[in-house]
Amino acid sequence: MNYRISQRAASLSPSLTLAIDAKAKQMKAEGLDVVGFGAGEPDFDTPQHIKDAAVKALADGFTKYTPSSGIPELRQAIADKFKRENGLTYKPSQVIVSCGGKHSCYNVILATCQEADEVIIPAPYWLSYPEMVKLAGAKPLILQTTDKTEFKLTPDQLRVAITPRTRLLIFNSPSNPTGSVYTPEEIKAIGDLCVEKGVLIMSDEIYEHLLYDGAKHKSVASFSQAHYDHTIVVHGFAKAWSMTGWRLGFLAAPEPIAKAIDAVQSHSTSNPTSFAQKGAVAALTGPQDHLPQWLAEYDKRRSYAWKKLNSIPGISCVNSKGAFYLFPNISKTGLKSTDFCAKLLEQEKVAAVPGIAFGADDYIRLSYATSMANIEKGLDRLERFCKNLLKKS
Ligand SMILES: *Cc1c(COP(=O)(O)O)cnc(C)c1O
């Protein structure tokens, strides 16, 4: 039997972050003392009132199909959130609830991009973006940034990359994997250019609430009517409410794009899980007092890890201003990221994600969504690993 795989599927690289995570979990299951920095999810539990709302919905028999783009109550709560926190006015019909922020991104790309379109993606990027663009038949155009600009794309870099084929810019601040946060002025400059050139922006704002050192978030859609008209905002419940397993994301878009996404979703996944949506209503309308506690904890870990990393020979690291990642530069160790992470896992039982997965081979990604004890232990091992490396060379 010749199982011909479609070109679309065959063109994809499987997720390296998930592979590393699986390897680390397998080593743990074998009884090895592995420290995992690979996690792309909060280490806190979903707040109780959110779980209670979903449990109640189940008990009440809220277990059937809902409208494919989400229940009206949740779409309204999301529209209210955009108004309250971002100064953005959306009708509930412009809001689509999807099966995760990842699914929201995919919906946006499928609904707006096609063959011969180019999609600009600044690197280091969230590893799914280029693969989603390929799935849509369009062409990812990667623009490299480095730690010298805190991994921020400059308007000059963007200007020369835009061609008549450029359809979409994928923008992610605060960023996974670098933790960098664009200032409002920098976001406006990028947005201005997209408006001038007629390029759509998919703005992935899922880490909007996870900010440190007084960093401020501003949605690119909020600068003017023109910015609003060019932007699709993607968001989700995974990070700020620790609901990764619930599979719930959302987006807000200009009406024609929302309508197209509604059609795509109605023929692919249909609605996100009914009772999970009731939990999401509680997440948006209930108390938010978990967040300052989580932020204080992340901030402590971030400060410790950043200082420690910069004291390790061969490593340098710009500080993270958002999300829960640090993205240290390992180029002075003489190893590329895949080799570095494979050896680190083998010799010191520390799991980190090679930067090459995010389009940046001189770096590794460390998540500080893990306990302080783990961070201390893991970074001590990383220090020993680097000292040994530099001794040999
Ligand atoms: C976690 C994440 C998402 C969404 O994840 P879901 O689990 O699908 O909600 C989207 N974008 C980025 C950059 C992320 O890190």
Side-chain angles (χ1 to χ4, degrees), residues 15-18 20-21 37-44 46 50 70 74 78 81 95-110 119 121-133 135 140 145 151-153 168-182 201-211 217 219-220 231-252 261 265 268-269 272-273 276-277 279-280 283-284 294 298 320-327 353 355 357-360 365-369:
S15 167
L16 201 56
T17 48
L18 296 183
I20 298 268
D21 199 46
F37 286 119
E41 60 183 350
D43 57 321
F44 304 108
T46 308
I50 301 175
L74 179 53
I78 292 166
K81 171 253 174 288
V95 171
I96 312 275
V97 188
S98 306
C99 310
K102 186 179 274 185
H103 183 217
S104 298
C105 292
Y106 186 49
N107 277 337
V108 171
I109 292 165
L110 265 192
V119 176
I121 307 174
Y125 45 72
W126 190 41
L127 74 180
S128 295
Y129 297 145
E131 307 305 309
M132 290 176 180
V133 169
L135 272 176
T145 70
F151 305 106
K152 292 176 192 174
L153 183 70
L168 184 70
L169 165 71
I170 298 184
F171 188 73
N172 175 220
S173 175
S175 154
N176 176 5
T178 65
S180 87
V181 179
Y182 287 68
I201 307 164
M202 181 178 94
S203 181
D204 183 343
E205 303 182 12
I206 193 153
Y207 292 102
E208 135 183 61
H209 299 100
L210 307 189
L211 295 168
H217 173 80
S219 176
V220 64
T231 304
I232 305 110
V233 180
V234 169
H235 213 304
F237 294 95
K239 308 293 157 51
W241 295 273
S242 193
M243 294 168 68
T244 46
W246 294 58
R247 309 311 307 132
L248 276 179
F250 57 91
L251 63 87
I261 292 172
Q265 185 158 303
S268 46
T269 56
T273 304
Q277 292 186 64
L284 286 178
W294 293 0
Y298 286 142
S320 149
K321 294 268 195 303
F324 39 63
Y325 308 103
L326 284 159
F327 205 61
V353 186
F358 313 100
R365 190 189 77 175
L366 303 175
S367 160
Y368 48 89

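Just so you know, ligand 1 is whichever comes first in the structure, and atom 1 is the first atom listed for that ligand.
- Under a 4.0 Å criterion applied to the non-hydrogen atoms of G100, ligand 1 contributes the atoms 8 (O), 9 (O).
- For Y207, the closest heavy-atom approach to ligand 1 falls below 4.0 Å.
- From the protein, the heavy atom lying nearest to atom 4 (C) of ligand 1 is I206 CD1, 3.4 Å.
- In this structure a side-chain-to-backbone donor-acceptor pair under 3.5 Å is missing from S242 to A238.
- Judged purely by atom type and a 3.5 angstrom limit, N172 uses its side chain to pair as donor or acceptor with the backbone of P174.
- Side chains of Q265 and S98: a donor-acceptor N/O pair is present below 3.5 angstrom, by distance only.
- In summary, K239 and E205 do not engage in a salt bridge, as defined by a charged side-chain N under 4.0 Å from a carboxylate O.
- Each of the following atoms of ligand 1 lies closer than 4.0 Å to a heavy atom of A238: 7 (O), 9 (O).
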Decide side-chain hydrogen bond (donor to acceptor under 3.5 Å, both in side chains) for Y325 and Y207; before the verdict, give the C-alpha distance in whole Å, the side-chain angles of both, and the deciding distance to 0.1 Å. CA-CA 11 Å; Y325 308 103; Y207 292 102; 2.8 Å; yes
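- Checked against the 6.0 Å centroid threshold, F44 and Y298 count as a close aromatic pair.
- For the residue pair S320 and Y368, a side-chain donor N or O sits within less than 3.5 Å of a side-chain acceptor on the partner.
- Residue contacts with ligand 1, taken as heavy atom pairs separated by less than 4.0 Å, involve Y129 solely via side-chain atoms from C-beta onward.
- Listed by atom number, the atoms of ligand 1 under 4.0 Å from G101 heavy atoms are 4 (C), 6 (P), 8 (O), 9 (O).
- No part of V234 comes within 4.0 Å of ligand 1, judged by heavy-atom distances.
- Residue H103 places no N or O, backbone or side chain, under 3.5 Å from any N or O of ligand 1.
- Judged by distance alone, with hydrogens and angles left aside, the side-chain atoms of R365 form a donor-acceptor pair with the main-chain N or O of G38 at under 3.5 Å.
- Atoms of ligand 1 found under 4.0 Å from any heavy atom of K239 (numbered from 1 in listed order, with element): 1 (C), 2 (C), 3 (C), 5 (O), 14 (C), 15 (O).
- Scanning the protein heavy atoms around atom 7 (O) of ligand 1, the nearest turns out to be R247 NH1, 2.7 Å.
- Any N or O atom pair closer than 3.5 Å counts here, and K102 shares at least one such pair with ligand 1.
- The shortest heavy-atom distance from E41 to ligand 1 is not under 4.0 Å.
- For a threshold of 3.5 Å applied to N or O pairs, the pair formed by T244 and ligand 1 contains no separation below that value.
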Check the pair W241, H209 against ring-ring contact (aromatic ring centres under 6.0 Å, His included), reporting the backbone distance first and the verdict last. CA-CA 10 Å; W241 295 273; H209 299 100; 5.5 Å; yes
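- Considering backbone and side-chain atoms alike, Y325 places every N or O at 3.5 Å or more from each N or O of ligand 1.
- For atom 11 (N) of ligand 1, the closest heavy atom belonging to the protein is D204 OD2, 2.6 Å.
- Looking only at distances, a side-chain donor or acceptor of S173 sits under 3.5 Å from a matching main-chain atom of Y182.
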